[in-house]
Each structure stands twice: as structure tokens, then as C-alpha cells.
Amino acid sequence: MNSKRRDFLKKACISGGCLCGFTSLVKAVPSSTEPDPDKLLMQEWISTLVSNINENADEKMRQKIMKSCAISHYEHLNMDSVLEPFVGDIEKFNQFIEEKWGWKIDYQKEKGILLADENKNYCVCPMVNQEKGVKSTIYCYCSEGFAEQMFSVVVGHQVKAKVISSVLRGDERCIYEITLS
């Protein structure tokens, strides 16, 4: 693996994983055991912002703000390029995320519903401040936005995503309901 690609993957995913499942691609990349002070600062800043949003905005506004933040993570990971081979073929994409990301997919084609289970017992969001235990449930709205963008690109039209199970909410795993129609 060349050093530019290694650096990209390290920056994108070493912080604890991400919705897209790229964490498995960087396991071979050695990482420092020392906490990254820049990462800690960003997580602290973001945690403070999220706490303020949580305290000062109603639920509808929290959802709107956090869902819109998903595009930053999506673009940072260059997801349009990642998804390009799967555009127009949801079943091929489902197979990919099951095999490469370890997700479990229940595709109910006749209902136009897809249940996407991340199949992990921890929150993969790189924005969650694990060191300080700041794990607000409003991060789940960002995950909804990411899933909506990702599946919308694959199917070629806007879809609706909803987190129906969340580690941050006390559930065993994070599961998304994707309404494709």
C-alpha cells in the first residue's frame, strides 16, 4: 500500500471507525499508542458543540443540524468514488457491505425496505469522544444522514434512513431502516 493511501486511510478511519466500515482496511496500518492531541481537541470541541445543541435546540432542529453534518464525513471519505461500482445495483452493494464491512442486511425488496445492521457492539462514529465518555444520542442523526446519502447514491434517488437501534441509546447494535421508495 503506498504511503499516500495509507495516510488517507489512517486519517479517515483510525479514530475509532466510521459508518462506512473502512476500519477493517487499516488494521494493518501501525498506529501510535499515544493519544493524538489534535484529535482530542477536535473531539472536545465537537462534544461541547453537541452538548449545546442538545440543550438549546428542540428535537426537530437537533435532527436537522446533525443530519446536515453527515455530508462532511461522506465527502472526507470520498464516498462517491467508493460507491461508483454499485450505483444502480443495490443487491451488489448489500453484498459488498456484508462481506467487507461485516454488516448484516435484510433487504425486503417487495416492501422497499432495507434493514442495515452494523453488526458491532460499539459506536463507530469517529466524532464520539470515547476518552471523555461524551456519547450524545444526537450523533445518531448524523449517521442517518450518512446512510441516506450513501443509499440514495446507490439507488439513484432520495431514500429515508432512520436509526431504529443504537449503541448510544443503550441497544446492542446500530441498525438502520432504509426506506428505498
Side-chain angles (χ1 to χ4, degrees), residues 1-31 36 39 42 46 63-120 122-128 138-168 173-181:
M1 183 183 293
N2 70 36
S3 77
K4 284 186 180 183
R5 181 169 171 79
R6 184 182 306 254
D7 289 344
F8 166 77
L9 292 172
K10 188 185 282 189
K11 287 176 188 174
C13 299
I14 207 72
S15 64
C18 55
L19 173 70
C20 61
F22 281 161
T23 306
S24 63
L25 298 175
V26 295
K27 286 182 181 174
V29 178
S31 65
D36 178 351
K39 175 187 167 195
M42 287 184 286
I46 290 165
Q63 184 178 31
K64 182 178 180 178
I65 291 168
M66 295 305 290
K67 274 186 144 179
S68 68
C69 291
I71 196 67
S72 296
H73 191 199
Y74 182 92
E75 289 176 353
H76 176 75
L77 295 173
N78 198 18
M79 286 304 293
D80 283 338
S81 294
V82 172
L83 299 174
E84 190 174 343
F86 309 106
V87 171
D89 193 343
I90 188 72
E91 291 176 10
K92 184 178 174 185
F93 181 62
N94 291 344
Q95 182 179 3
F96 171 78
I97 59 179
E98 285 182 324
E99 291 174 5
K100 300 296 183 189
W101 299 353
W103 288 23
K104 293 181 180 180
I105 302 296
D106 177 13
Y107 181 31
Q108 302 166 18
K109 190 174 186 174
E110 63 285 345
K111 292 182 180 179
I113 301 277
L114 186 143
L115 297 178
D117 179 346
E118 286 186 357
N119 195 29
K120 294 166 187 68
Y122 57 91
C123 177
V124 299
C125 178
M127 298 297 118
V128 171
I138 69 171
Y139 285 112
C140 298
Y141 293 134
C142 183
S143 295
E144 284 178 358
F146 193 102
E148 281 181 4
Q149 181 67 24
M150 184 171 65
F151 282 97
S152 293
V153 167
V154 171
V155 299
H157 63 269
Q158 186 63 44
V159 305
K160 176 80 172 139
K162 180 178 182 179
V163 173
I164 59 172
S165 177
S166 164
V167 172
L168 293 180
R173 294 181 314 279
C174 295
I175 302 172
Y176 309 86
E177 180 182 79
I178 313 295
T179 304
L180 300 172
S181 49

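The chain is numbered in sequence order, starting from 1. Computed from a prediction, not measured in an experiment: that's the story for all the values here.
Partners of Leu83 by side chain to side chain contact (heavy atoms under 4.5 Å, CB included), not counting sequence neighbours, listed by chain and number: Tyr74, Met79, Phe93, Met150, Val153, Val154. Take Gln95 and apply the side chain to side chain donor-acceptor pair (under 3.5 Å) test, not counting sequence neighbours, and it matches Glu99. Every residue two or more places apart in sequence or in another chain that forms a side chain to side chain contact (heavy atoms under 4.5 Å, CB included) with Glu177 is listed here: Ile113, Leu115, Ile164, Thr179. Among residues two or more places apart in sequence or in another chain, the side chain to side chain donor-acceptor pair (under 3.5 Å) test is passed with Asn119 by none. Tyr141 meets the ring pair (Phe, Tyr, Trp, His ring centres under 6.0 Å) test with no other residue; sequence neighbours excluded. Judged as a salt bridge (Lys or Arg N to Asp or Glu O under 4.0 Å), and not counting sequence neighbours, Glu75 has no contacts. Residues forming a side chain to side chain donor-acceptor pair (under 3.5 Å) with Glu148 (at least two apart in sequence, or on another chain): Lys67. Residues satisfying the side chain to side chain contact (heavy atoms under 4.5 Å, CB included) test with Val159, not counting sequence neighbours, are Phe151, Ser152, Val155, His157, Ile178, Leu180. Residues forming a side chain to side chain donor-acceptor pair (under 3.5 Å) with Asp117 (at least two apart in sequence, or on another chain): Arg173. Every side chain to side chain contact (heavy atoms under 4.5 Å, CB included) that Glu91 has, sequence neighbours left out, goes to Asp89, Tyr107, Lys109.
Within the model, atoms SG of Cys140 and CD of Gln63 stand 11.0 Å from one another, a figure rounded to the nearest 0.5 Å. Summarising the geometry, atom CD belonging to Glu84 is positioned 8.5 Å from atom CG belonging to Asp80; distances are rounded to the nearest 0.5 Å. Note: Ile105 CD1 to Glu98 CD = 5.5 Å, rounded to the nearest 0.5 Å. Separating the OG atom in Ser143 from the OH atom in Tyr176 is a distance of 4.0 Å, to the nearest 0.5 Å.
Looking at Asn94 and Leu114, their side chains come closer than 4.5 Å, going by heavy atoms from C-beta outward.
Annotation for Val163 and Ser166: closest pair CG1-CB, 3.8 Å, computed over non-hydrogen atoms. Minimum heavy-atom separation, Val167 to Cys174: N-SG, 3.5 Å. A pairwise comparison of heavy atoms in Ile71 and Ser68 identifies CG2-O, 3.4 Å as the closest pair. When all heavy atoms of Cys142 and Ala70 are compared, the pair lying nearest together is O-CB, 3.2 Å.
Using bins of under 30°, 30° to 60° and over 60° for the plane-to-plane angle, the ring pair Phe96/Trp101 lands in the perpendicular bin.
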For this session: Apply the test side chain to side chain contact (heavy atoms under 4.5 Å, CB included) to residues Leu77 and Phe146: give CA-CA distance (whole Å), side-chain angles for both, the deciding distance (0.1 Å), then the verdict.
Result: CA-CA 11 Å; Leu77 295 173; Phe146 193 102; 4.2 Å; yes

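Judged purely by atom type and a 3.5 angstrom limit, Lys120 uses its side chain to pair as donor or acceptor with the backbone of Glu118.
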